S.K.: 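Encoded as structure tokens, here's the structure I'll be asking about.
Just the heavy atoms: all of them, side chains too, but no hydrogens, waters or symmetry mates, feed the values below. Source: prediction; values computed, not measured.
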Amino acid sequence: MSLRIALIAVTLFTVSAIQVRFAHNARPYTMLMFFVICSYGMMLESMRRPSFLSVMGYFLATTLMLYSHPTSIFNLPAQAL
């Protein structure tokens, strides 16, 4: 009996319009965190072993980070510290 109640609750949660809206609003944050991690990783790699590919990887990851969400601009001063 509790399995049936759980399945009904999951079904109602899945088709809820507000949950779909919240999921669409949260999608850029996952992409932002991925690009922030890539940017920091490529920055550390280019500081450890500077090469053309590591510097270009840093610029590419940072550019994608800036395009993914407006609040990512605050990561640049943090990286400069």
S.K.: Hydrophobic clustering (ILVMFWY, side-chain heavy atoms < 4.5 Å, transitive) - are L44 and L60 grouped together?
M.R.: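 Yes, it is one cluster - the side chains of L60 and L44 are joined through contacts under 4.5 Å.
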S.K.: Which atom pairs, donor and acceptor, lie under 3.5 Å between side-chain atoms of residues 68-81 and protein residues at least two apart or in another chain?
M.R.:
from: S68; atom 1: OG; to: M65; atom 2: O; distance (Å): 2.8
from: H69; atom 1: ND1; to: T71; atom 2: N; distance (Å): 3.3
from: H69; atom 1: ND1; to: T71; atom 2: OG1; distance (Å): 2.9
from: S72; atom 1: OG; to: M65; atom 2: O; distance (Å): 2.9
from: S72; atom 1: OG; to: H69; atom 2: O; distance (Å): 2.7
from: Q79; atom 1: OE1; to: Y58; atom 2: OH; distance (Å): 2.7
from: Q79; atom 1: NE2; to: S39; atom 2: OG; distance (Å): 2.8

S.K.: For the atom pair CG (L32) and CG (L66), what is the distance rounded to the nearest 0.5 Å?
M.R.: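 Taking CG in L32 and CG in L66, the distance rounds to 9.5 Å.
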S.K.: Would you check if the side chain of S54 reaches a backbone N or O of P50 as a donor-acceptor pair within less than 3.5 Å?
M.R.: no
S.K.: For the hydrophobic clusters of this structure (ILVMFWY residues joined by side-chain heavy atoms under 4.5 Å, transitively), does one cluster hold both I37 and F34?
M.R.: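 In one cluster: no.
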S.K.: Side-chain heavy atoms nearer than 4.5 Å, only ILVMFWY residues, links allowed to pass through others: does that put V36 and F59 together?
M.R.: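 Yes.
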S.K.: Report, as yes or no, whether the 6.0 Å neighbourhood of atom CE on M47 holds more than 12 heavy atoms from other residues, nucleotides or ligands.
M.R.: no
S.K.: If you round to the nearest 0.5 Å, how far is CZ of F52 from OG of S46?
M.R.: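 Reported value, rounded in 0.5 Å steps: 13.0 Å.
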S.K.: Throw together a table of side-chain donor-acceptor distances under 3.5 angstrom for residues 8-24, partners on residues two or more places apart or in other chains.
M.R.:
from: T11; atom 1: OG1; to: L7; atom 2: O; distance (Å): 2.7
from: T14; atom 1: OG1; to: V10; atom 2: O; distance (Å): 2.6
from: H24; atom 1: ND1; to: R27; atom 2: NH2; distance (Å): 2.5

